[in-house]
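The model shown is predicted, which means the values in this text are computed figures rather than measured ones. Just so you know, ligand 1 is whichever comes first in the structure, and atom 1 is the first atom listed for that ligand. Numbers for residues simply follow the sequence, beginning at 1.
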Amino acid sequence: MSDAHLHLPADPTSRERLAAFGLRYEVVASSDRDAYTGWFRADARGFHDAEPAAEVLAQELEGLAFRRTVGIFDDTIVDRGAPVATVSSWPMQLTVPGRRDVTAWAISSVTVSATHRRRGIARNMLEGELRTARELGIPLAMLTVSEATIYGRYGFGPANRQSPYEVDTKRVRWTGPVPEGRVHYVNRDDFVENGPAVAERQRLDVPGEVERWPMWWRRRAGLIEPDSEQSRRIRVARYDDASGTPQGFAVFHLADMDGFRGTVVVDHLLSATRDAEAALWRFLLEQDLVVKATADLRSPADPLPWYVDDVRGVRKTDERDHLWLRVLDPVASLEARTYAAAGRVALRVADALGFADGTVLLETDDRGAASASRVAEPPTGVPTLDVPIASLGSLLLGGVTAETLLRVGRVQEATPGAAVATDAVFRSPVVPFTSIWF
Ligand SMILES: CC(C)(COP(=O)(O)OP(=O)(O)OC[C@H]1O[C@@H](n2cnc3c(N)ncnc32)[C@H](O)[C@@H]1OP(=O)(O)O)[C@@H](O)C(=O)NCCC(=O)NCCS
């Protein structure tokens, strides 16, 4: 990863707009320890988290230094060391259909202090982040969101969904495959050591998956505060294939153990092969002294219900949006993925911020390769769809059909049948999913 994003100053347009309100919009360098610490304190406060413990802060200062940290400062407040708004961003690989990936601008830590909310600070910050990504030549931005009502106005659209699951483990019997490899208990360090290679083999399988950073592994394994009660509860199981190569991990803990009728809480299940996935689920569902298994953040298309005899013993307890995408360069974004069929479609993209506004002609061949180009007008006879920028983000990974978006008024057909023609090309055989928060 290049580190150009760490050195580019804060976007001049937003800097000027915020200066008019007496606010300073600045990149906070990780070498400026006091300012950097203030930034992390403000980020935690913005999400109503506890004040970070010194040992956590020390690790964040090192482990998240690959991110561009941006703050907005108000020199008239009492606690001047903490910004009144925070955002962080960095280039990260995003998987797109066709086992390919594209560099996307990941945005995180969006907070505005409760003392400064609803006066346009987030808008200036987000628009500034998008202009910065464009300046760096990054074709699209992405985030996982706390609320679904915030980011549509900046051109982000929900691109995939996530579900938590609950299994009545006493009701179900395993009927899925019983692979030849073995499940081992391993210590938490093993997840940090051997997990990244497994994730790297899995990453391109599913559109929507993203790279993970070293600190993600340590946090997931409970190694940021290893001696806390919560961390000590974490157990790790590893699946090795018949040749002894690690192919998957289950990170989990036991809850509600009163009366020996506990719940196995699956914190993360990672698998590079179908065998690993099956073996780890079987291991989790067949625990003794347990009556329930729960797993957050799984794909709505997870095979879990199909592994057992009584499919009603597995319930999806919710389903909601997860990854949101914002296309900045429609040509590069569309060319990054492959397509389901040969075809030609024109997308008339409406983007109030101007990045992607205009018509793009997408031509795909029967191997799925695409070429996209900006055109003044859609060529005669080419199916043409009017696409607000947020809907382009929703369509990109194949997580929703143009036909659905047409029905709800989120795209319009400029030529009859354009939605069906778009779907024939955009369809993805794999339901897009992102298995982490960032
Ligand atoms: C979300 C948050 C950053 C918004 O900051 P803000 O400076 O108050 O937002 P702005 O004043 O720039 O508002 C911009 C627009 O978003 C709207 N908006 C802001 N927060 C919103 C929310 N939580 N729900 C719905 N709309 C929201 C505003 O009404 C405004 O709408 P308009 O442009 O149509 O007038 C702030 O509420 C916050 O810090 N929340 C807690 C942390 C969080 O959830 N962050 C998001 C992480 S993904």
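For atom 9 (O) of ligand 1, the nearest non-hydrogen atom of the protein is A122 CB, 3.3 Å. Scanning the protein heavy atoms around atom 25 (C) of ligand 1, the nearest turns out to be T149 OG1, 3.3 Å. At the top of the distance list for atom 18 (N) of ligand 1, counting protein heavy atoms only, stands R153 NH1, 4.0 Å. Protein heavy atom closest to atom 39 (O) of ligand 1, with residue, atom name and distance, is V112 N, 2.8 Å.
Near G46, with a cut-off below 4.0 Å to any heavy atom, the atoms of ligand 1 are 41 (C), 42 (C). Against a heavy-atom cut-off of under 4.0 Å, V145 is close to the following atoms of ligand 1: 48 (S). Numbered from 1 in the order shown, with element, the atoms of ligand 1 that lie under 4.0 Å from a heavy atom of R123 read 12 (O), 33 (O). Distances below 4.0 Å separate heavy atoms of G120 from the following atoms of ligand 1: 10 (P), 11 (O), 12 (O). Interface of V110 with ligand 1, defined as ligand atoms under 4.0 Å from a residue heavy atom, comprises 3 (C), 42 (C), 43 (C), 45 (N), 46 (C), 47 (C). Under a 4.0 Å criterion applied to the non-hydrogen atoms of Y151, ligand 1 contributes the atoms 46 (C), 47 (C), 48 (S). Close approach of ligand 1 to R117 (heavy-atom distance below 4.0 Å) involves ligand atoms 8 (O).
Because its NZ or CZ atom is both nearer than 6.0 Å to the ring centre of W216 and within 45° of the ring axis, R212 counts as a cation-pi partner of that residue.
A donor-acceptor pair under 3.5 Å links the side-chain atoms of T86 to the main chain of S109, judged by distance alone. Side-chain atoms of E403 never come within 3.5 Å of backbone atoms of A419 as a donor-acceptor pair (strictly under, hydrogens ignored). R235 places no side-chain N or O within donor-acceptor distance of the main-chain N or O of Y185, the cut-off being under 3.5 Å. Checking side-chain atoms of T103 against main-chain N and O of Q93 turns up no donor-acceptor pair under 3.5 Å.
Per-atom contact check: atom 44 (O) of ligand 1 touches the protein, criterion being a heavy-atom distance below 4.0 Å. In this structure, atom 35 (O) of ligand 1 is not in close contact with the protein, since no protein heavy atom lies within 4.0 Å of it.
Contact annotation for I150 and ligand 1: only side-chain heavy atoms (C-beta onward) come within less than 4.0 Å of the ligand. When heavy-atom distances to ligand 1 are checked against a 4.0 Å cut-off, Y154 comes that close only through its side chain, counted from C-beta outward. For W437, no heavy-atom contact with ligand 1 is shorter than 4.0 Å. Only the side chain of E147 comes within contact range of ligand 1, with a heavy atom under 4.0 Å; no backbone atom does.
Remark: E129 does not engage R326 in a salt bridge, criterion side-chain N to carboxylate O under 4.0 Å.
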Open item on the list: Could you go through R315 and D168, starting from their C-alpha distance and side-chain angles, then the distance that decides it, and tell me whether this counts as salt bridge (charged side-chain N to carboxylate O under 4.0 Å, His left out)?
Closed with: CA-CA 9 Å; R315 285 193 312 123; D168 178 345; over 6 Å; no
TODO: Would you please test T95 and D101 for side-chain hydrogen bond (donor to acceptor under 3.5 Å, both in side chains) and show each step?
DONE: CA-CA 4 Å; T95 303; D101 61 358; 5.8 Å; no
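In this structure, H5 and W105 have perpendicular ring planes: the angle between them is above 60°, well past the 30° mark. Relative ring orientation between W213 and F66 is described as tilted, the plane-to-plane angle lying within the 30° to 60° band. The aromatic rings of W39 and Y36 lie parallel to each other, their planes meeting at an angle below 30°, with 60° marking the opposite boundary.
Annotation: R119 places an N or O atom under 3.5 Å from an N or O atom of ligand 1; distance criterion only. Taking any N or O of T144, backbone or side chain, none lies under 3.5 Å from an N or O belonging to ligand 1.
The residue from R118, R45, E127, M125 that puts a heavy atom closest to atom 8 (O) of ligand 1 is R118. Ranked by closest heavy atom to atom 47 (C) of ligand 1, the top entry among S109, G152, S146 is S146.
Looking at L297 and W437, their side chains come closer than 4.5 Å, going by heavy atoms from C-beta outward. Between P305 and Y307, every side-chain heavy-atom pair lies at or beyond the 4.5 Å cut-off.
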